[in-house]
Amino acid sequence: MQVVVRDNNVDQALRALKKKLQREGVFREMKLRNYYEKPSEKKARQKAEAVRRARKLARKRAQRESGLPAPAAAARPARP
């Protein structure tokens, strides 16, 4: 993985690196590897993730086919 530092702007390069690591799932894998996960727990987690992905895909497909707009995010009150 490579991040280019432009104009000695390390903060911007660090943000780009973190974003790339997040997309690749490195942080999530580090968190999972922090503790031992029993094979049965791993299988149950992976199955739950697959179900979640399938439901999300079906939801998006249904929205596309019906022509309905995506549901709006819950409105949060403005901070004073």
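Everything numeric in this text was worked out from a predicted model, so none of it was measured.
- Applying the side chain to side chain contact (heavy atoms under 4.5 Å, CB included) criterion to Lys56, with sequence neighbours excluded, gives Arg59, Lys60.
- With sequence neighbours excluded, the residues that form a side chain to side chain contact (heavy atoms under 4.5 Å, CB included) with Tyr36 are Lys38, Pro39.
- Annotation for Asn34: atom CG counts as buried by contact number, over 12 foreign heavy atoms lying within 6.0 Å.
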Return a table of donor-acceptor pairs under 3.5 angstrom between the side chains of residues 12-28 and protein atoms on other chains or two or more places apart.
| unit_1 | atom_1 | unit_2 | atom_2 | d |
| --- | --- | --- | --- | --- |
| Gln12 | OE1 | Asn9 | ND2 | 3.2 |
| Lys20 | NZ | Gln2 | O | 2.8 |
| Arg28 | NH2 | Glu49 | OE2 | 2.3 |

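- The side-chain hydrogen bond (donor to acceptor under 3.5 Å, both in side chains) test applied to Arg61 returns no partner, not counting sequence neighbours.
- Residues satisfying the side chain to side chain contact (heavy atoms under 4.5 Å, CB included) test with Lys43, not counting sequence neighbours, are none.
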**Study point:** Trace of the side chain to side chain contact (heavy atoms under 4.5 Å, CB included) decision for Arg45 with Leu32
**Key:** CA-CA 11 Å; Arg45 178 181 51 78; Leu32 287 173; 3.8 Å; yes
